[in-house]
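One structure is given here, and the rest of the page talks about it.
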Amino acid sequence: MLLATWNVNSLKVRLPHLLTWLQSARPDIVALQETKLVDEAFPTAELEEAGYHCAFAGQKTYNGVAVLSREAITDVVTDLPGYADPQRRVLGCTVGDVRVLNLYVPNGQTVDSEKYHYKLDWLKALEDFCRDELKAHPLMAAVGDFNIAPADRDVHDPDAWRGSVLVSPAEREAFDRLTALGFVDTFRLFNSDGGFYSWWDYRMGGFRRNHGLRIDHVLASKQLAERCLGATIDVEPRTWNRPSDHVPVVARFS
DNA sequence: ATGGTTGCAACGCAA
């Protein structure tokens, strides 16, 4: 079973890339972020034609998440309990025996901004939610654009980034508290090296120079992680014409 | 030198 996450930065623009990638990678479940589409505009017909069921929580212009699955999708939730938020950043659902939580964690903008405090508040609500979800669903994955590079090895220039949003201590502590609930970073089960990134700024030739950050993750509950056979970052779509600034991260399970 | 690119949608905002 292949489980993937991809921040597509506009599903309208990236639909051709997504369809091409679905055909080549053949994932069973794909979590999408930054669809930037209202639900009425979601390309359900094209994706069903490609063999996927769809669940989505969209909004105009910003945010928006979706899950595509070859198997049926049930028990959908689109909010963190007790955290009223008009921004569409959460899609929890069940596929087979696995609970999947698709997350588009707030970016935070800068550490001195209101958006940064929103990010930390949001992560606290996520932690409370995941604590309960893990108890209810021993086989669980929390995937998505976390907008956090967990360690310096996940950052192309740690000294230049020190203290910035996406790497700040408070964000990393929130990420560590989340994993301490009982998640495993599947990529790190198979690769402990630096230099592997899932996002590169569009500006300044970021991808060409591999000036990236590893901020998109497939976290698996301990019981699900026991079934993990591999995890990869597929950088190829970043080489295509008019790419997303993020690439798919994929984990394989038995 | 505090830049730059993209998407949305409207001439700014978010990433």
Side-chain angles (χ1 to χ4, degrees), chain A residues 5-21 30-43 46-47 56-66 85-91 102-123 126 143-150 154-168 170-172 174-175 197-217 233-249:
Chain A
T5 179
W6 192 5
N7 179 325
V8 292
N9 185 17
S10 169
L11 182 53
K12 179 179 174 157
V13 172
R14 227 66 66 194
L15 183 60
H17 282 198
L18 176 62
L19 292 170
T20 299
W21 187 78
V30 186
L32 304 174
Q33 304 86 37
E34 285 205 88
T35 56
K36 300 186 180 181
L37 284 176
V38 294
D39 291 347
E40 294 70 30
F42 195 87
E46 291 91 333
L47 290 165
F56 39 83
Q59 70 180 86
K60 204 172 101 166
T61 310
Y62 303 117
N63 310 311
V65 286
D85 188 355
Q87 302 192 26
R88 303 292 79 201
R89 298 179 175 277
V90 174
L91 199 151
N102 177 19
L103 306 167
Y104 177 43
V105 177
N107 174 283
Q109 196 162 62
T110 59
V111 293
D112 58 1
S113 73
E114 193 54 48
K115 293 189 178 72
Y116 181 77
H117 296 288
Y118 164 59
K119 180 178 194 173
L120 295 180
D121 288 346
W122 194 96
L123 286 165
L126 175 65
V143 310
D145 177 0
F146 285 75
N147 269 313
I148 300 172
D154 302 311
V155 180
H156 72 89
D157 186 345
D159 290 327
W161 276 86
R162 189 89 49 216
S164 302
V165 74
L166 312 186
V167 310
S168 73
E171 291 165 84
R172 285 177 167 174
F175 185 86
Y197 310 125
S198 65
W199 167 83
W200 302 259
D201 200 298
Y202 281 123
R203 297 166 289 189
M204 301 293 286
F207 181 66
R208 179 175 50 79
R209 301 196 285 174
N210 200 26
H211 286 185
L213 274 70
R214 194 176 69 90
I215 57 177
D216 300 270
H217 308 294
I233 302 174
D234 185 357
V235 299
E236 202 206 327
R238 194 64 163 81
T239 69
W240 297 346
N241 188 45
R242 213 177 169 194
S244 170
D245 44 352
H246 298 250
V247 294
V249 179

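Throughout, protein chains are lettered first and strands after them, A, B, ... in sequence-line order, and every chain is numbered starting at 1. Quick caveat, the model's predicted, so the values are computed rather than measured.
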(request) Remember a base hit wins even if backbone is also touched, and classify R209(A) as base, sugar-phosphate or nothing at under 4.0 Å, heavy atoms. (result) nothing

(request) Indicate, with a heavy-atom threshold strictly under 4.0 Å, whether F207(A) touches base, sugar-phosphate, or nothing. (result) nothing

(message) Counting primed atoms plus P, OP1 and OP2 as sugar-phosphate and everything else as base, spell out the protein contacts along nucleotides 2-11 of chain B at 4.0 Å heavy-atom distance: B, S or - for each nucleotide, 5' to 3'.
(response) --BBSSSS--

Can you find a pair of side-chain heavy atoms, one from [X] and one from [Y], that are under 4.5 Å apart?
| X | Y | answer |
| --- | --- | --- |
| Q109(A) | V165(A) | no |
| P248(A) | P237(A) | yes |
| Q87(A) | P106(A) | no |

(message) So if I take residues 109-122 of chain A and measure heavy-atom distances to DNA chain B, which residues fall below 4.0 Å?
(response) K115(A)

(request) Hunt down the Watson-Crick or G-U wobble partner of dA10(B), both distances under 3.5 Å, from any strand shown, or write none. (result)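 dA10(B) is paired with nothing.
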
(request) Find the partner of dG4(B): check Watson-Crick (N1-N3 plus N6-O4 or O6-N4) and G-U wobble (N1-O2, O6-N3) distances, both under 3.5 Å, and reply none if neither fits. (result) none

(request) Calculate the interatomic distance between N107(A) atom CG and dC13(B) atom P; express it in whole Å. (result)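 In whole Å, dC13(B) P lies 16 Å from N107(A) CG.
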
Would you measure the distance from the [atom1] atom in [N] across to the matching atom in [M] and give it in whole Å?
| N | M | atom1 | answer |
| --- | --- | --- | --- |
| dA14(B) | dA10(B) | P | 14 Å |
| dA9(B) | dT5(B) | P | 22 Å |
| dG3(B) | dG12(B) | P | 16 Å |

(request) Please assess T5(A) against H246(A) for the test side-chain contact (heavy atoms from CB on, under 4.5 Å), listing each intermediate value before the final yes or no. (result) CA-CA 10 Å; T5(A) 179; H246(A) 298 250; over 6 Å; no

(request) For N210(A) and H156(A), work out which heavy atoms get closest and say how close. (result)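 Shortest heavy-atom separation between N210(A) and H156(A) comes out as O-CB, 3.7 Å.
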
(message) Exactly one of R89(A), Q33(A), R88(A) should register a side chain to side chain donor-acceptor pair (under 3.5 Å) with N63(A). Which one does?
(response)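 Output: one option passes, namely R89(A).
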
(message) Once rounded to the nearest 0.5 Å, what's the spacing between atom CD1 of I148(A) and atom CG of N107(A)?
(response) 10.5 Å

(request) Please lay out, stage by stage, how F146(A) and L123(A) fare under the test side-chain contact (heavy atoms from CB on, under 4.5 Å). (result) CA-CA 9 Å; F146(A) 285 75; L123(A) 286 165; 5.6 Å; no

(message) side-chain contact (heavy atoms from CB on, under 4.5 Å), that's the test. Do I215(A) and D145(A) meet it? Break it down for me.
(response) CA-CA 6 Å; I215(A) 57 177; D145(A) 177 0; 4.0 Å; yes

